[in-house]
Asker: 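Submitted below is the structure of interest, expressed as C-alpha cells.
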Amino acid sequence: GQGVEQPAKLMSVEGTFARVNCTYSTSGFNGLSWYQQREGQAPVFLSYVVLDGLKDSGHFSTFLSRSNGYSYLLLTELQIKDSASYLCAVRIDTNAYKVIFGKGTHLHVLP
Amino acid sequence: AQTIHQWPVAEIKAVGSPLSLGCTIKGKSSPNLYWYWQATGGTLQQLFYSITVGQVESVVQLNLSASRPKDDQFILSTEKLLLSHSGFYLCAWTGTGQLYFGEGSKLTVL
C-alpha cells in the first residue's frame, strides 16, 4: 500500500538544530511538501521540493532523495516557538490532486 | 492576496443531526479546492476535491458529501452525523505544489 511515515516525536535543545525525517512509498511522485501545525490550528506551508538535493530556505532547509523515497526538514538555530508538529505530504502523480500526509512529528524544543 | 475563510469555527452537534460546513476563497479565480479531516491526534485525510463549479470528486466519503455551488465556495455536509465525524475539518486550495488551508472548523459530535 501507499504511505508516508514520520517518527512521532523528536526533542532538541534551543539554539541547536533538529532534523525531521520522512519516508514515503507511493505509486507515483509529484512533489513533497512540509507543513507546520500547532495544536488546534491549521497547517502552515513551509517548503515544497520536487527535485533531489538540498533546498536552503534559511531557518528551514529541505532535502529530498526520490530514489530512496526520503526527505527531511532541517530546522537550525532552534527557538522554543519552533515546538510544533511538522507534517510531510506527498503529492501522487497518478492523481495530481491527491496528497497523502504523514501523521506528523511533534518537535519539542527544550530550553 | 488570496484569503480562505471557513465557517463555523466550531460546532457541537448531536448524533443523527445534520451538518453543513462552508468554505469561501477570495482573490483566486477557478481555484482547486479540497476538504480534509483530522481526528484528534490523527492524520490529515483528504475527503473531497473540486477543480470546477459543480464538479466534486470523492477520495474518502466517511458518509459525508460535498458540493461546489459557486466558483469561490465549497460546502461539506451530511444529513446524519455519527460519533466518528468528530474532528477538525479543513478547507484548502492549491498554489504551486502546496496547499493553503483555511482556519478550520472543529466539530464535536455527542
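Residue numbers start from 1 in every chain, and the chains themselves are labelled A, B, ... in the order their sequence lines are given, proteins ahead of strands. Note that these values count all heavy atoms, side chains included, but never hydrogens, waters or copies made by symmetry.
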Asker: More than 12 non-hydrogen atoms from neighbouring residues, nucleotides or ligands closer than 6.0 Å to NZ on B:K80, yes or no?
Answerer: no
Asker: Between B:G41 and A:K103, which heavy-atom pair has the shortest distance, and what is it?
Answerer: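 So the two residues come closest at O-CE, 3.2 Å.
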Asker: Look at the side chain of A:Y35 and the backbone N and O of B:L99, then say whether any donor-acceptor pair between them is shorter than 3.5 Å.
Answerer: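 Yes.
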Asker: How many angstroms lie between atom OG1 of B:T40 and atom CD of A:E39, to the nearest 0.5 angstrom?
Answerer: 8.5 Å
Asker: Using 0.5 Å steps for rounding, measure from the CD atom of B:Q38 to the CG atom of A:L87.
Answerer: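 Here the rounded value is 7.0 Å.
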Asker: Looking only at heavy atoms, what is the nearest atom pair of B:G102 and A:A42, with distance?
Answerer: O-CB, 3.0 Å
Asker: Test of understanding: clusters of I, L, V, M, F, W, Y form through side-chain heavy atoms closer than 4.5 Å, transitively. Do B:V60 and B:Y89 belong to the same one?
Answerer: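 Same cluster: B:V60 reaches B:Y89 through Ile, Leu, Val, Met, Phe, Trp or Tyr contacts under 4.5 Å.
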Asker: Shared ILVMFWY cluster between A:V90 and A:L46, side chains joined below 4.5 angstrom?
Answerer: yes
Asker: Below 6.0 angstrom between ring centroids: does that apply to B:Y36 and A:F101?
Answerer: yes
Asker: Looking at CZ of B:F101 and CD of A:Q37, how far apart are the two atoms once the value is rounded to the nearest 0.5 Å?
Answerer: 8.0 Å
Asker: Is the number of heavy atoms from other residues, nucleotides or ligands under 6.0 Å of B:L110 CG greater than 12?
Answerer: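 Above 12, so yes.
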Asker: State plainly whether one hydrophobic cluster holds both B:I75 and B:W93, where clusters connect Ile, Leu, Val, Met, Phe, Trp and Tyr through side-chain heavy atoms under 4.5 angstrom apart.
Answerer: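 No; B:W93 is not reachable from B:I75 via cluster members.
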Asker: If you tally heavy-atom pairs under 4.5 Å against chain A, which of B:Q46, B:E57, B:K106 wins?
Answerer: B:Q46
Asker: A:Q41 and B:E103: side-chain donor and acceptor closer than 3.5 Å?
Answerer: no
Asker: Do B:F48 and B:V53 belong to the same hydrophobic cluster, where Ile, Leu, Val, Met, Phe, Trp and Tyr are linked whenever their side-chain heavy atoms lie under 4.5 Å apart, directly or via other members?
Answerer: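 Per the 4.5 Å side-chain linkage, B:F48 and B:V53 are not co-clustered.
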Asker: Would you say that B:L90 contacts A:P43 through its side chain, given a criterion of any heavy-atom pair below 4.5 Å between the two side chains?
Answerer: yes
Asker: Identify which part of B:L44 has an atom lying under 4.5 Å from any heavy atom of chain A, answering side chain, backbone, both or neither.
Answerer: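 Both backbone and side chain.
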Asker: Check whether more than 12 heavy atoms from other residues, nucleotides or ligands sit under 6.0 Å from atom CD of A:Q79, and answer yes or no.
Answerer: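 Result for CD/A:Q79: enclosed.
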Asker: Tell me if the OH atom of A:Y70 is crowded by more than 12 foreign heavy atoms within 6.0 Å.
Answerer: yes
Asker: Considering only heavy atoms, which portion of B:T94 lies under 4.5 Å from any heavy atom of chain A: side chain, backbone, both, or neither?
Answerer: side chain
